[in-house]
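Whatever order the structure lists them in is the order used to number ligands and atoms, beginning at 1.
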Amino acid sequence: MPVGGGGAGRCVGQCAEDVTAYMLILPYADNGGDQGSPINASAQKTRVEAGRQLYGDNACSLCHKDDGSTTVLQGESTVYSLHNCPSCTRYDELVAAIGGTMPKGDDGEFGPASCSGDCAKKIADYIWVEYLDGTLTTKGGTLPKVAPVPGKNTLRIKSYESLKAHFSRVFGGENQTLEDSENAFKTIPDFWYIEHELGAVSLNIVANAAVEGCNSLVTQAASGNAEIRANCATWAESMWLRSATQDELNSCVNTATTITDQLNTALKRQQFACASMMMSIPALTF
Ligand code: HEC
């Protein structure tokens with residue numbers, strides 16, 4: 001990045017490191033000026049409980065669920081998760097967002113028509129502590145500064161488009177199950193900081209697609225455990241873009257040799273072992 005320009009002006013080295021750090025730390029980077037000092041635990045609890053009450057009274061949970069995790073309304077834009085919303089990084093912005101725009105809907109449709117002033121502040125207290133792990137202070141609130149841990153908690157589920165591309169790279173050509181099921185997949189969120197999701201239905205389609213792909217890839221049963229193990233290793237390279245660990249290989253061989261319920265031929269078992277790798281976390285995330 002940036003693309004184009006034949007590589008001129010590319011952001012490498014320190015530049016790339018700084019931008020990465022900025023993107024990973026962003027939610028915790030800025031407490032928005034002087035926040036005063038932390039208040040004591042029982043005062044914080046009182047404010048949080050008052051906010052919890054208002055959160056329920058003002059029907060916030062109708063759209064944001066009881067636990068603040070997102071749910072998508074028919075015909076509405078994306079409802080942000082209250083664990084990770086654009087205004088969730090600064091206390092004053094959170095209060096302003098609640099007071100200015102929430103609750104959504106026509107007057108009275110979802111309980112009180114507005115929640116501003118003290119109402120917004122109290123609910124912000126609740127969201128801040130319960131959903132964002134923040135601390136309340138005399139002038140607002142602060143968030144913990146958390147350093148990003150490389151390789152941890154950074155997996156992202158692939159979208160429909162990238163799953164299709166991945167399946168075609170692994171199996172060669174179109175996967176009919178995936179092609180026929182686009183509507184079962186959610187659209188890609190508008191912003192990079194909103195997690196993409198696979199639902200139960202789309203996950204089931206991915207499993208069927210993996211079975212379809214593996215049935216065409218594995219047309220002959222390998223004869224012994226060593227050969228099966230070698231196949232498992234090859235599948236990992238193409239499906240996971242990395243080598244399998246010894247444990248993962250053991251488990252692949254195990255699947256290919258021991259499951260007999262419904263998988264009553266060696267070929268079926270090996271096809272299923274292949275599919276089980278294609279429907280696993282390393283294949284479905286990046
Ligand atoms: C009818 C559905 C609905 C109800 C009820 C509702 N919200 Fe929202 N909320 C949304 C939608 C949609 C968005 C994202 C779009 C937007 O911000 O305009 C959102 C966004 C938010 C955001 C993120 C704003 C930002 O820009 O970061 C906060 C915080 C929030 N809501 C809090 C609340 C609180 C607190 C309540 C209860 C007083 C509430 N919401 C009630 C639908 C709702």
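- For ligand 1, the atoms sitting less than 4.0 Å from at least one non-hydrogen atom of Ser87 are 25 (C), 26 (O), 27 (O), numbered in the order shown with element in parentheses.
- Distances from atom 8 (Fe) of ligand 1 to the N/O/S atoms of His64 are shortest for NE2.
- Between the side chains of Ser69 and Asp67, at least one donor N or O sits under 3.5 Å from an acceptor N or O.
- At a heavy-atom distance under 4.0 Å, only side-chain atoms of Leu94, from C-beta outward, approach ligand 1.
- Atom 8 (Fe) of ligand 1 has no N, O or S atom of Cys63 under 2.8 Å away, backbone or side chain.
- Ser168 meets the side chain to side chain contact (heavy atoms under 4.5 Å, CB included) test with no other residue; sequence neighbours excluded.
- No side-chain N or O of Gln35 forms a donor-acceptor pair with one of Thr142 less than 3.5 Å apart.
- Contacts between Leu62 and ligand 1, counted as non-hydrogen atom pairs separated by less than 4.0 Å, are absent for every part of the residue.
- The distance criterion of under 3.5 Å between nitrogen or oxygen atoms is not met by Tyr80 with respect to ligand 1.
- Annotation for ligand 1: atoms under 4.0 Å from non-hydrogen atoms of Leu82 are 22 (C), 28 (C), 29 (C), 30 (C), 32 (C).
- Between Thr101 and ligand 1, a contact under 3.5 Å exists for no N or O pair.
- When each atom of ligand 1 is checked for a heavy atom of Cys85 under 4.0 Å away, the hits are 23 (C), 27 (O).
- Sulfur atoms SG of Cys63 and Cys60 are positioned 2.5 Å or more apart.
- Between Asn250 and Arg229, the side chains place a donor N or O and an acceptor N or O closer than 3.5 Å (distance only, hydrogens not considered).
- Taking CD from Glu227 and SG from Cys232, the interatomic distance works out to 11.5 Å, rounded to the nearest 0.5 Å.
- Using modelled atom types and a 3.5 Å distance limit, the side chains of Ser280 and Trp240 yield a donor-acceptor pair.
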